[in-house]
Protein chains: 2
Amino acid sequence: MARTRGERGARRVEIVQAATEVIAERGYRGATLAAVAERVGLTQQGLMHHFPTKEALLVAVLEARDQWDMASAALHGRAWPLEVVADLVEYNATRPGIVQAFTVLAGDSVTEGHPAQEFFRGRYAHVREGGAQALRAEYGDRLPGGLSPERAATLLAAVVDGLQVQWLLDPEAVDMPAAFRDFLALLAPPPRPQGTDSAQPGSARTEPERAGPHV
Amino acid sequence: MARTRGERGARRVEIVQAATEVIAERGYRGATLAAVAERVGLTQQGLMHHFPTKEALLVAVLEARDQWDMASAALHGRAWPLEVVADLVEYNATRPGIVQAFTVLAGDSVTEGHPAQEFFRGRYAHVREGGAQALRAEYGDRLPGGLSPERAATLLAAVVDGLQVQWLLDPEAVDMPAAFRDFLALLAPPPRPQGTDSAQPGSARTEPERAGPHV
DNA sequence: GTCTATAACAAGATAGAC
DNA sequence: GTCTATCTTGTTATAGAC
């Protein structure tokens, strides 16, 4: 049942990637089927053989890429270490296209009856859950400011998203990965300004050449 | 030169409000002139007498409401106390419509050549500036985690925006004002869990009946 | 599986009457 | 200042040939 790959879906994958690009450039409503089709060397009607409606294509885009993947981690019942999330933000800074597509879609999704609304509602719920688990594992039940891991997780998700918007609009002015590590520094037990330092500069170790955290 | 009010603009103001509503509901591209016109009892062409193009109307919407107004505060060279910002977030939780309109527009604006792009780029720059001033005034040059006020301000803006998205999608699950105060707690010198407390619950004093921080 | 043709609208914009 | 009429273009979707 669960496919997306290994089927006859070579073409489908191509189309979904193209659709993601076009959405990034022009938003969901601005992304026309013709523009997507052209990018893969098809006519609009040729494309519609693979995706019968525009909304079907959107759903495929949403399913294909799970942004930071904290969500899927949470789904699997395992929380990611915060360091991995930081690396993920770093990796995202390398792929403006995908970040842009999901920023646009997330913004659009708050709109009345938007087809991606349920997706993003669920996604954030999962991210908050997964983030809370990660924070609890790392710092225990009591964080700086007296926050619970749950409440801190809400902030964590907000920071990741909010930084993306600022970074996309002005990459020169906003160092997204550094800013995210700043937030992590806020969450780390503050007493030792020198000591444990687990979230300082230069935390890019996982090779940036990997297939990618997205999938 | 600078008008927007006091002119013959009674009708213009009506139209701009209607446009904000429609944008909130359907996004910028989805907001048709006809829909806006209908809301104020005009035909599409009647509306275009006041705003010759759709983009002109968008500009008016952008100018009219300066979201949290931290931006305009920064423009005037005065930083707002953080407590006022917290009240602003609280007030925003009361006006989902405007928050939604600006969330949609901000998301849209990262799109290629979007007419609101310059607006939001400038807005965030001002917000970061104003936020940094406010943070410096409140906490000095060195914040928890070793952050500078400038870097903390970037996070502050990200938190406000990111929380809005989560809150709009799921108001039951996310208490936006409380979450924002959580973030402020992270920034407040943590040593005293009881002492100075300037950002604790129940900080809603400016009468909620005021004309509103927006304008 | 991909194409051509085309239906069926919807949108922003212009011209000009009242 | 607001309306009717209309142009033009763009967009999703269907039908059916190859």
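First the proteins, then the strands, lettered A, B, ... as listed; each starts at 1.
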Task: Listed partners of B:Y28 passing ring pair (Phe, Tyr, Trp, His ring centres under 6.0 Å), at least two apart - done: B:H114
Open item on the list: To the closest 0.5 Å, what do you measure between CG (B:L168) and OG1 (A:T111)?
Closed with: 10.0 Å
Task: Derivation and outcome, side chain to side chain contact (heavy atoms under 4.5 Å, CB included), residues A:L163 and A:F183 - done: CA-CA 11 Å; A:L163 285 178; A:F183 179 69; over 6 Å; no
Task: Validation row: B:R11, B:L42 side chains within 4.5 angstrom (heavy atoms) - done: yes
- [ ] Name all residues meeting the side-chain hydrogen bond (donor to acceptor under 3.5 Å, both in side chains) criterion together with B:Q166; count only those two or more places apart in sequence or in a different chain, and write none if there are none.
- [x] A:R128
Task: Strand-adjacent residues in residues 38-57 of chain A, judged by heavy atoms under 4.0 Å from DNA chain D - done: A:Q44, A:Q45, A:M48, A:T53, A:K54
Open item on the list: With a 4.0 Å limit, can you tell me whether B:R29 has a side-chain N or O closer than that to the phosphate oxygens OP1/OP2 of C:dA11?
Closed with: no
Using distance only, find each side-chain donor-acceptor pair of residues 43-53 of chain A under 3.5 Å and give its atom names and separation, not counting sequence neighbours.
from	atom 1	to	atom 2	distance (Å)
A:T43	OG1	A:G46	N	3.1
A:T53	OG1	A:E55	N	3.4
A:T53	OG1	A:A56	N	3.1

TODO: Please identify each residue that fulfils side-chain hydrogen bond (donor to acceptor under 3.5 Å, both in side chains) with B:E21, with sequence neighbours left out.
DONE: B:R39
TODO: Taking only heavy atoms on the protein side, list every residue of residues 106-116 of chain A lying under 4.0 Å from any atom of DNA chain C, sorted numerically.
DONE: none
Task: Rounded distance (Å) that lies between atom C1' of D:dT12 and atom CG of A:L33 - done: 7 Å
TODO: For B:A31, report the nucleic acid contact type (base, sugar-phosphate, nothing); a contact means any heavy atom under 4.0 Å.
DONE: sugar-phosphate
- [ ] Classify the angle between the aromatic ring planes of B:F102 and B:F119 as parallel (below 30°), tilted (30 to 60°) or perpendicular (above 60°).
- [x] tilted
TODO: Rounded off to whole Å, could you give me the CZ-to-C1' distance for the B:R12 and D:dT2 pair?
DONE: 16 Å
